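So the structure is just underneath, and the comments pick up after that.
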Amino acid sequence: MEFIHKSVLFDESVKALNINSNSVIVDGTAGGGGHSREISNNAGRLIAIDQDPDAIKVLHERLGDRENVTIVNDNFSNLKSILSSLNIDEIDGLLLDLGVSSFQLDTAERGFSFHKDAPLDMRMSKSGLSAKDVVNTYSEQELANIIYKYGEEKFSRKIASNIVKARQDKPIETTFELVDIIKSSLPQKAMRDSHPARKTFQAIRIEVNAELDALEKTLDDAFECLRSGGRIAIITFHSLEDRMVKEKFNEWSKGCTCPKEFPICVCGNKPKGKALKSIAPSEKELEINPRARSSRLRIFEKY
């Protein structure tokens, strides 16, 4: 199957990086190379990172002959060590297009989609802990906590209880087996607005890939590696990651943190940069790519 990914907010995110011929840019979620190709057309150097080995094969096919492109099979959370290994001290920009690619969703055997019956997997790197491991080995309390925290699912306890009951008879091995358990755990009225498994699948995927931990680490490391005037552009797809990015950008943009009643500043804290206006997809883009509906682009510029 061809690696196809419809890049969301494509023009806006590339423009946000403010690229010139001397720029050193990191695309931490290079995927099929959509953003990376456009960035490499204008930047002095591009570091294209992806943890998915399928994506890496495609990147080598599509961008491997470009002298200004370095392709790295790794998690973007290892940004500092990746740059160190390449003898790069500072970068001018970082792009992260978070979430699951269209290719990963549409390739049934990857186990990301609740619309396709396949082995429970959800590993972006195709290695390590899988969704099957989580569903069949985590305690009921651990499952409930994950589904509530990462999926914001209010029926998390019932879903976790039914998962544990079901696996006592046999291991839960496929996506549709899990979907059926989730459906049996929710009242009818809760299944009207969206697919009943959406929140639980999101939660398990985040746990499997340690997505929020990776994002938090990368934000801090990227800021350290970012040159003055450099920018971070991040496309998010759900409230948990968007909130983390927003709060971090606001923290860096904040000046004095002294209580309001203090007559003068004693903390000496100065803004480290500024969060630029966030961008949502246009109606035209939503017509072409409905999966873009929940996306948002946030941009930060370092002083």
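Nothing fancy with the numbering, it's 1 onward along the sequence. All figures in this text were calculated on a predicted structure; none of them were measured in a lab.
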Return yes if some donor-acceptor pair links the side-chain N/O of Asn68 with the main-chain N/O of Ser40 below 3.5 Å, else return no.
-> yes

What pair of heavy atoms forms the shortest contact from Ala160 to Ala144, and how long is it?
-> CB-N, 3.5 Å

Between the main-chain N or O of Ala292 and the side-chain N or O of Ser295, is there a donor-acceptor pair closer than 3.5 Å?
-> yes

CD1 of Ile47 to CD1 of Ile25, rounded to nearest 0.5 Å, is 10.0 Å

Donor + acceptor pair across side chains of Thr70, Arg45 (<3.5 Å) = yes

Minimum-distance pair of heavy atoms, taken over all atoms of Ala48 and Val69 = CB-CG1, 4.5 Å

Please lay out, stage by stage, how Asn162 and Ser185 fare under the test side-chain hydrogen bond (donor to acceptor under 3.5 Å, both in side chains).
-> CA-CA 7 Å; Asn162 284 341; Ser185 307; 2.8 Å; yes

Donor-acceptor pair between Ser130 and Asp133 side chains, under 3.5 angstrom | yes

Test item: Asn42 side-chain N/O and Asn20 main-chain N/O as donor-acceptor pair under 3.5 Å | no

Identify, with sequence neighbours excluded, every residue that meets salt bridge (Lys or Arg N to Asp or Glu O under 4.0 Å) alongside Lys272.
-> none

Using distance only, find each side-chain donor-acceptor pair of residues 163-171 under 3.5 Å and give its atom names and separation, not counting sequence neighbours.
unit_1	atom_1	unit_2	atom_2	d
Arg167	NH1	Val135	O	2.9
Arg167	NH1	Tyr138	O	2.8
Arg167	NH2	Tyr138	O	2.8
Lys170	NZ	Glu177	OE2	3.3

Cationic N near anionic O, under 4.0 Å, Glu152 to Arg243 = yes

Under the side-chain contact (heavy atoms from CB on, under 4.5 Å) rule, what do Phe300 and Lys302 come out as? Steps first, then yes or no, please.
-> CA-CA 7 Å; Phe300 175 83; Lys302 187 175 183 178; 4.1 Å; yes

Steps toward side-chain contact (heavy atoms from CB on, under 4.5 Å) verdict (Glu207, Gln202) = CA-CA 9 Å; Glu207 173 68 12; Gln202 172 183 298; over 6 Å; no

How long is the span from the CG atom in Leu143 to the OG atom in Ser156, to the nearest 0.5 Å?
-> 10.0 Å

Taking Ser81 for the side chain and Asn78 for the main chain, is one N or O donor matched with an acceptor at less than 3.5 Å?
-> yes

Got a salt bridge between Lys126 and Asp52, using NZ or NE/NH1/NH2 to carboxylate O under 4.0 Å?
-> no

Can you tell me how far CD1 of Ile39 sits from CG of Leu46, rounded to the nearest 0.5 angstrom?
-> 5.5 Å

Any donor and acceptor pair, going by atom type alone, linking the side chain of Gln104 with main-chain N or O of Ser101 inside 3.5 Å?
-> yes

For the residue pair Asn250 and Ala275, what are the closest heavy atoms and their distance?
-> OD1-CB, 4.3 Å

Using a 3.5 Å cut-off and no angle test, enumerate the donor-acceptor pairs between side-chain atoms of residues 87-95 and protein atoms at least two apart in sequence or in another chain.
unit_1	atom_1	unit_2	atom_2	d
Glu90	OE1	Arg227	NE	3.3
Asp92	OD1	Arg227	NH1	2.8
Asp92	OD2	Val24	N	2.8
Asp92	OD2	Arg227	NH1	2.9

Under 3.5 Å donor-acceptor, Asp242 side chain and His238 backbone | no

Under 3.5 Å, sequence neighbours excluded: what are the donor-acceptor pairs made by side chains of residues 114-125?
unit_1	atom_1	unit_2	atom_2	d
Asp117	OD1	Thr174	OG1	3.4
Asp117	OD1	Phe176	N	3.3
Asp121	OD1	Arg123	N	3.1
Asp121	OD1	Arg123	NE	2.7
Asp121	OD2	Arg123	NH2	3.2
Arg123	NH1	Gly128	O	3.2
Ser125	OG	Ser127	N	3.4
Ser125	OG	Ser127	O	3.2
Ser125	OG	Ser127	OG	3.2

Approximate separation, where rounding is to 0.5 Å, of Ile147 CD1 and Thr200 OG1 | 4.5 Å

Check whether any side-chain heavy atom of Asp27 sits under 4.5 Å from a side-chain heavy atom of Thr29, and report yes or no.
-> yes

Looking at side-chain heavy atoms only, is the closest gap between Thr175 and Phe201 below 4.5 Å?
-> yes

Is the backbone of Ala214 close enough, under 3.5 Å, to the side chain of Thr218 for a donor and an acceptor to pair up by distance?
-> yes

Is a side-chain donor or acceptor of Glu285 paired with a backbone partner of Leu9 at a separation under 3.5 angstrom?
-> yes

Pairwise side-chain contact, Glu153 with Ile159, heavy-atom cut-off 4.5 Å (strictly under) = yes

What is the distance from atom CD of Glu241 to atom OG1 of Thr236, rounded to the nearest 0.5 Å?
-> 5.5 Å

Find out whether Lys132 and Ile172 are in side-chain contact, i.e. whether some heavy atom of one side chain is under 4.5 Å from a heavy atom of the other.
-> no

Worked verdict on Val58 versus Phe103 for side-chain contact (heavy atoms from CB on, under 4.5 Å) | CA-CA 12 Å; Val58 174; Phe103 171 81; over 6 Å; no

For residues Ala30 and Asp50, report the shortest heavy-atom separation together with the two atoms involved.
-> N-OD2, 3.5 Å

Do Leu96 and Leu215 have side-chain heavy atoms sitting under 4.5 Å apart?
-> yes

Any side-chain heavy-atom pair from Tyr303 and Pro271 closer than 4.5 angstrom?
-> yes

Ser278 side chain to Arg296 side chain, donor-acceptor N/O pair below 3.5 angstrom | yes

Compare all side-chain heavy atoms of Pro196 with those of Phe155 and state whether any distance is below 4.5 angstrom.
-> no

Taking Asn269 for its side chain and Gly255 for its backbone only, find out whether a donor-acceptor pair lies under 3.5 Å.
-> yes

Is the NZ or CZ atom of Lys154 both under 6.0 Å from the centre of the six-membered ring of Tyr148 and within 45° of that ring's axis?
-> no

Kindly check if the number of other-residue, nucleotide or ligand heavy atoms within 6.0 Å of NZ (Lys217) is above 12?
-> yes

Contacts of Glu224 that satisfy salt bridge (Lys or Arg N to Asp or Glu O under 4.0 Å) - sequence neighbours left out | Lys80

What is the minimum heavy-atom distance between Asp221 and Ser77, and which atoms define it?
-> OD2-O, 4.0 Å

Verdict with reasoning, Arg291 to Leu105, per side-chain contact (heavy atoms from CB on, under 4.5 Å) | CA-CA 11 Å; Arg291 284 176 177 168; Leu105 279 172; 4.0 Å; yes

Answer yes or no: is there a donor N or O on one side and an acceptor on the other, between the side chain of Glu247 and the main chain of Met244, under 3.5 Å?
-> no

Those residues at least two apart in sequence (or on a different chain) that pass salt bridge (Lys or Arg N to Asp or Glu O under 4.0 Å) with Glu38 are none

Over 12 foreign heavy atoms within 6.0 Å of CZ, Arg66 | yes

Glu12 side chain near Ile299 side chain, heavy-atom distance below 4.5 Å = no

Correct closest heavy-atom pair for Ile204 and Ala131 would be CG2-CB, 3.8 Å

Check step by step if side-chain hydrogen bond (donor to acceptor under 3.5 Å, both in side chains) holds for Gln51 and Asn73.
-> CA-CA 5 Å; Gln51 63 178 321; Asn73 186 194; over 6 Å; no

